[in-house]
Amino acid sequence: LNMKPLRLLPLFLLLLVTGSCEVIPDDGWLVDWSPVDVIIEAVDAGGNSIISPDMPGMSLTFKGETYTVKTRQPEYELPTKAYLAIMYGLIATPWVVDEEGNQQYRLVFGEIDGAKDMDEDLILNWPDGSKDVIHYHCSDHREGRNPRCNRSWKLNGKEHDGVVFKFVK
């Protein structure tokens with residue numbers, strides 16, 4: 001019985017296991033950046049929500065593509081353990097129920113890939129013909145034990161804190 005092929009088996013198994021692994025940064029930390037959703041709330045002068053699942057004339061333009069309001073997020077099956085950003089568009093999402101028992105909605109736009117550097121405008125086109133511009137900036141991703149990136153928002157040219165944008169129309 002020739003034993004030479006059997007001596008190579010452990011080496012082959014080692015190459016198979018280590019050759020299929022991801023490259024991990026020197027400090028041993030691998031970062032999975034979260035996707036970003038933009039939340040849009042809008043009320044009239046009386047404080048009543050104007051967002052509804054049926055909003056003709058309402059759209060959002062991002063990276064040259066225009067999205068109209070849809071009523072639900074489609075279901076996706078991900079054949080990977082990584083959580084990837086899925087652009088599902090502009091969704092009217094149930095939010096709260098008011099004092100009269102009416103369902104209130106808000107718009108959710110996304111997902112924007114949180115791992116990518118970008119400097120982009122999101123242009124809201126309202127049914128009344130008005131426009132608002134949300135500017136999203138994300139850069140300088142630093143991986144490792146304390147991951148960071150420079151992320152900022154502006155609404156119509158003014159600094160804005162967070163991903164929730166509230167409008168009175």
Side-chain angles (χ1 to χ4, degrees), residues 29-144 146-169:
W29 294 90
L30 184 65
V31 177
D32 191 9
W33 296 94
S34 302
V36 177
D37 283 331
V38 177
I39 299 169
I40 300 157
E41 299 172 2
V43 295
D44 61 19
N48 304 304
S49 176
I50 63 167
I51 304 293
S52 72
D54 181 31
M55 290 189 71
M58 180 69 195
S59 66
L60 184 147
T61 303
F62 176 67
K63 295 178 109 177
E65 189 166 341
T66 299
Y67 300 85
T68 56
V69 178
K70 295 189 277 185
T71 56
R72 69 176 190 78
Q73 179 177 343
E75 300 295 324
Y76 292 99
E77 284 190 34
L78 300 174
T80 176
K81 63 182 178 180
Y83 185 74
L84 306 173
I86 297 170
M87 180 54 72
Y88 51 81
L90 187 60
I91 309 295
T93 305
W95 181 38
V96 296
V97 176
D98 65 16
E99 293 85 26
E100 289 86 38
N102 300 316
Q103 180 68 62
Q104 301 293 303
Y105 291 84
R106 61 186 183 178
L107 296 172
V108 179
F109 177 77
E111 298 171 329
I112 299 171
D113 190 346
K116 289 187 178 177
D117 287 354
M118 64 177 65
D119 206 27
E120 296 286 342
D121 286 337
L122 295 87
I123 302 167
L124 292 166
N125 304 295
W126 296 94
D128 66 1
S130 64
K131 292 182 190 275
D132 287 292
V133 178
I134 296 171
H135 185 79
Y136 171 63
H137 174 84
C138 187
S139 65
D140 302 322
H141 288 81
R142 290 180 289 274
E143 307 240 347
N146 297 307
R148 288 177 275 165
C149 68
N150 293 329
R151 187 171 284 162
S152 63
W153 298 92
K154 289 183 182 178
L155 175 58
N156 297 323
K158 295 180 182 173
E159 297 291 324
H160 183 80
D161 189 29
V163 298
V164 178
F165 294 84
K166 298 180 180 185
F167 299 90
V168 177
K169 291 287 177 184

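Only this structure's heavy atoms are used, side chains among them; waters, hydrogens and symmetry mates stay out.
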Engineer: Could you tabulate the donor-acceptor pairs under 3.5 Å formed by side-chain atoms of residues 157-169, not counting sequence neighbours?
Structural biologist:
{"residue": "H160", "atom": "NE2", "partner": "V164", "partner atom": "O", "Å": "2.8"}
{"residue": "K169", "atom": "NZ", "partner": "S130", "partner atom": "OG", "Å": "3.1"}
{"residue": "K169", "atom": "NZ", "partner": "D132", "partner atom": "OD2", "Å": "2.9"}

Engineer: Does some side-chain heavy atom of I112 sit less than 4.5 Å from a side-chain heavy atom of L122?
Structural biologist: yes
Engineer: Measuring from atom OG of S52 to atom CE of M58, what distance do you get when rounded to the nearest 0.5 angstrom?
Structural biologist: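 One finds 10.5 Å between OG of S52 and CE of M58.
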Engineer: Is there side-chain contact between Y67 and L107, with heavy atoms separated by less than 4.5 Å?
Structural biologist: no
Engineer: How many angstroms lie between atom CD of Q104 and atom CH2 of W95, to the nearest 0.5 angstrom?
Structural biologist: 8.5 Å
Engineer: Begin with the C-alpha distance, continue with both residues' side-chain angles, and end with the deciding distance and a verdict on side chain to side chain contact (heavy atoms under 4.5 Å, CB included) for L124 and V133.
Structural biologist: CA-CA 6 Å; L124 292 166; V133 178; over 6 Å; no
Engineer: Judged by atom type as modelled, is there a donor-acceptor pair below 3.5 Å linking the side chain of E111 to the main-chain atoms of I86?
Structural biologist: yes
Engineer: Rounded to the nearest 0.5 Å, what's the gap from CD1 on I39 to CG on D37? Could you check?
Structural biologist: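 Here the interatomic distance stands at 6.5 Å.
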Engineer: Testing the 3.5 Å rule here: is there a donor-acceptor pair between the side chains of S139 and D117?
Structural biologist: no
Engineer: Between CE of M55 and CG of L90, what distance do you get to the nearest 0.5 Å?
Structural biologist: 8.5 Å
Engineer: Do M87 and D113 come within less than 4.5 Å of each other through their side chains, counting heavy atoms only?
Structural biologist: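 Contact flag for M87/D113 side chains = no.
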Engineer: Rounded to the nearest 0.5 Å, what separates atom OG in S59 from atom CD in E65?
Structural biologist: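 One finds 11.5 Å between OG of S59 and CD of E65.
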Engineer: Tell me, with the steps shown, if N48 and I50 meet side chain to side chain contact (heavy atoms under 4.5 Å, CB included).
Structural biologist: CA-CA 6 Å; N48 304 304; I50 63 167; over 6 Å; no
Engineer: Do C138 and K116 have side-chain heavy atoms sitting under 4.5 Å apart?
Structural biologist: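 Sidechains of K116 and C138: no contact.
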Engineer: Please tell me if the side chains of H137 and W153 come closer than 4.5 Å, counting only heavy atoms from C-beta onward.
Structural biologist: no
Engineer: Using the side chain to side chain contact (heavy atoms under 4.5 Å, CB included) rule, take Y88 and V108 through it: C-alpha gap first, then chi angles, then the decisive distance, then the call.
Structural biologist: CA-CA 9 Å; Y88 51 81; V108 179; 3.5 Å; yes
Engineer: If I take atom OH from residue Y105 and atom OG from residue S49, how far apart are they, to the nearest 0.5 angstrom?
Structural biologist: 10.0 Å
Engineer: Do D121 side-chain atoms and H135 backbone N/O form a donor-acceptor pair below 3.5 Å?
Structural biologist: no
Engineer: Taking the side chain as every heavy atom from C-beta outward, state whether D140 and C149 have any atom pair closer than 4.5 Å.
Structural biologist: no
Engineer: Pairs in or reaching into residues 36-64: which pass ring-ring contact (aromatic ring centres under 6.0 Å, His included), with residues at least two apart or in two chains?
Structural biologist: F62-F109
Engineer: Measuring only between side-chain heavy atoms, which start at C-beta, is V36 closer than 4.5 Å to R151?
Structural biologist: yes
Engineer: Could I get the full list of side chain to side chain donor-acceptor pair (under 3.5 Å) partners for T66, not counting sequence neighbours?
Structural biologist: T61
Engineer: Heavy atoms, side chains only, cut-off 4.5 Å: are L60 and N125 in contact?
Structural biologist: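 A side-chain contact under 4.5 Å is absent here.
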